[in-house]
Amino acid sequence: MELDVKKFIEEKIREIKETIRDKKAISALSGGVDSSTCTVLAHRAVGDNLKVIFIDDGLMRKNEPEDVKEIFSAMAISVEIIDAQEEFFKALEGKSDPEEKRKAFRDTFYTIFGKEVSRSKARFLVQGTIAADIIETKGGVKTQHNILEQIGIDPEKGYGFKAIEPLKEIFKHQVREVAKDLGLPEKLYNRMPFPGPGLATRVVGEVNPARIELVRKATCIVEEEIEALRPFQAFAVLLSDKGTGIEEGARKFGEIIIIRSVESKDAMTAEPTKIPWEVLTKISKRMTTEIPSVTRVAYEITPKPPATIEYV
Ligand code: XMP
């Protein structure tokens, strides 16, 4: 379906204005294209009646909070960073089941968010839910952290605010068109999707600061080496299994990193990227030299379905 971008933007700004009126709203920015786009839409609608926060959950890519703040300040939108790393790691401690981890993330996110809402006296939460999130959560494919009403949780009763989701009828590629038209920088509207629960979806088994730091470094290597291929999404995954390697003549049992890179239009289905051999071997070499605890690197080629894009 073709989207009339200008008409969409006009309509959404009007709707948001009519809903929020002179009350306060809050937006939790993640730096991804979805939350950035709905934040700019809401800012255009109500200006400084929108408070923009960035919850630093400790599960972001390298330099994420600082980069996001800078990009938004260039658009005259100020962003407050809330340091909640400890809370998230505590909630995730000892959990290895993927759905348990997702639920722990979601509950922590909304508890912290709830506190910020009451502090700011906001009555509305602006969030970047897109069509695929709703379809997949309803279909039971995953517990998407930002879907509440769709699974029968009323945020107004539970948390005291109403959700505004201006992007819920459109898909990722359409969000990018909207973002471009709104004047967001290309770095942002062409950005690879990054899941709400962050790097926690890329650590199989226990999530702790050390394992997150490892996958953060590995992700950075994959992103740098694969950027020129412009895949839909590419990243590294840390497995809970280990594999034997050799260091200075001795055997050592080290970490296994999976490279995941997919092509997709809307994230509902995906195909593995045909990564040239030289790129794969360069990534492998960098992983094992720059992250010495890594002994094995593998490229995973399962399409979605039957696999999902993320690992958790
Ligand atoms: P899966 O792994 O389900 O992911 O095939 C499909 C797309 O959604 C992203 N994803 C999420 N995005 N919150 C988000 O905002 C989430 O909980 C979440 N889980 C997955 C994923 O990165 C991919 O683009």
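For clarity, every value in this text was computed on a predicted model and none was experimentally measured. Indexing begins at 1, ligand by ligand and atom by atom, following the structure's order. Atom set for the values below is all heavy atoms of this structure, side chains included, hydrogens, waters and symmetry mates excluded.
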Going by an N to O cut-off under 4.0 Å, is there a salt bridge joining D34 and K172?
yes
Please list, in number order, the atoms of ligand 1 under 4.0 Å from a heavy atom of R102.
16 (C), 17 (O), 18 (C), 19 (N), 20 (C)
State whether R191 and E64 are salt-bridged, where the test is any N-O pair (Lys NZ or Arg NE/NH1/NH2 against Asp/Glu carboxylate O) under 4.0 Å.
yes
So for ligand 1, is G196 a polar contact partner (N or O within less than 3.5 Å, distance only)?
yes
Scan side-chain atoms only and decide if E169 and Q174 contain a donor-acceptor pair under the 3.5 Å cut-off.
no
Does any N or O atom in I309 lie less than 3.5 angstrom from one in ligand 1, N or O only?
yes
Does R202 pair with E310 as a salt bridge, N-O distance under 4.0 Å?
yes
Under 3.5 Å between any N/O of E310 and any N/O of ligand 1: does that happen in this structure?
yes
If the threshold is 4.0 Å, N to carboxylate O, is there a salt bridge linking R14 and E11?
no
Enumerate the atoms of ligand 1 whose separation from the nearest heavy atom of P197 is less than 4.0 angstrom.
13 (N), 16 (C), 17 (O)
Any N or O on Q233 sitting closer than 3.5 Å to an N or O of ligand 1?
yes
E225 bridged to R286 by N-O distance under 4.0 Å
yes
Pair R119 + E116: basic N to acidic O under 4.0 Å:
yes
Are any of the heavy atoms in R106 under 4.0 Å away from ligand 1?
no
Ligand 1 atoms nearer than 4.0 angstrom to some heavy atom of K304 are 1 (P), 3 (O), 5 (O), 6 (C)
Within reach of ligand 1, part of P195 (heavy-atom separation under 4.0 Å)
both
With heavy-atom distances below 4.0 Å as the criterion, list the atoms of ligand 1 near T308.
1 (P), 2 (O), 5 (O)
Counting only nitrogen or oxygen atoms and a 3.5 angstrom limit, does R202 reach ligand 1?
no
So which heavy atom on T37 is nearest to which on L184, and how close?
N-CD2, 4.4 Å
What are the atoms of ligand 1, with element, lying closer than 4.0 Å to any heavy atom of P193?
24 (O)
